[in-house]
Amino acid sequence: MAFTLPALPYALNALEPHIDARTMEIHHGKHHNAYVTNLNNAIAGKPEENLSIEEICKNISKYPAAVRNNGGGHYNHSLFWTVMAPHAGGAPKGAVADAIHAAFGNFEEFKTKFNAAAAGRFGSGWAWLVKSADGKLAITSTPNQDNPLMDVATAEIKGTPILGLDVWEHAYYLHYQNRRPDYCAAFWHVVNWSEVEKRFTAK
Ligand code: MN3
């Protein structure tokens, strides 16, 4: 088996009241698990079993839809769990805070723009904070399970995702129903800025 479901780095109820335990249980244990299973089925016996998920995403245009959807699903959710944490949120510090201020003016303006990208994504998809090749930050969104690593037109801004927010209904519907903006607002209470910083400063 090439890929495995990563364990959640905290308990299912650790992000409450912002993200409820039942949503986390189904989202991680069912949805993410299905992406891993379906990705493994799609690449079984092929050289892609020996590639990293990042390498697969960067060349995703070469692959069939099953690899794009499930490979993207695996990469995106693996990132998502780590950029959240209990007793987190607040404002970023350090190099990533400096880069956010440089790109967006201030933290409040950054959050407004990120929330607009998340709320404005029609249907299912993701909002992203991306580090581009020149080291600058940008906000973008992608449909379905696409992401900014992918060499596809739907990744309008390409680069390394350092923060991502899942805006598929399965990510919030049990607790927030149709109120996606409320879910987006709650997300800021659980953002793990030390992980975002780690991803920002990684070579
Ligand atoms: Mn999801």
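Quick caveat: nothing in here was measured; it's all calculated off a predicted structure. Only this structure's heavy atoms are used, side chains among them; waters, hydrogens and symmetry mates stay out. All ligand and atom numbering here is 1-based and tracks the order in the structure.
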When you compare the side chains of [X] and [Y], does any donor N or O come within less than 3.5 Å of an acceptor on the partner?
X	Y	value
D182	H175	no
H28	N33	no
H31	W168	no
N115	T112	no

- Message: Taking backbone and side chain together, does H77 place any N/O/S atom at a distance below 2.8 Å from the Mn ion (ligand 1)?
- Response: yes
- Message: Below 2.8 Å, can you find an N, O or S atom of H32 next to the Mn ion (ligand 1)?
- Response: no
- Message: What is the name of the N/O/S atom of D166 that is nearest to the Mn ion (ligand 1)?
- Response: OD2
- Message: Please give the atom name: the N, O or S atom of H27 nearest to the Mn ion (ligand 1).
- Response: NE2
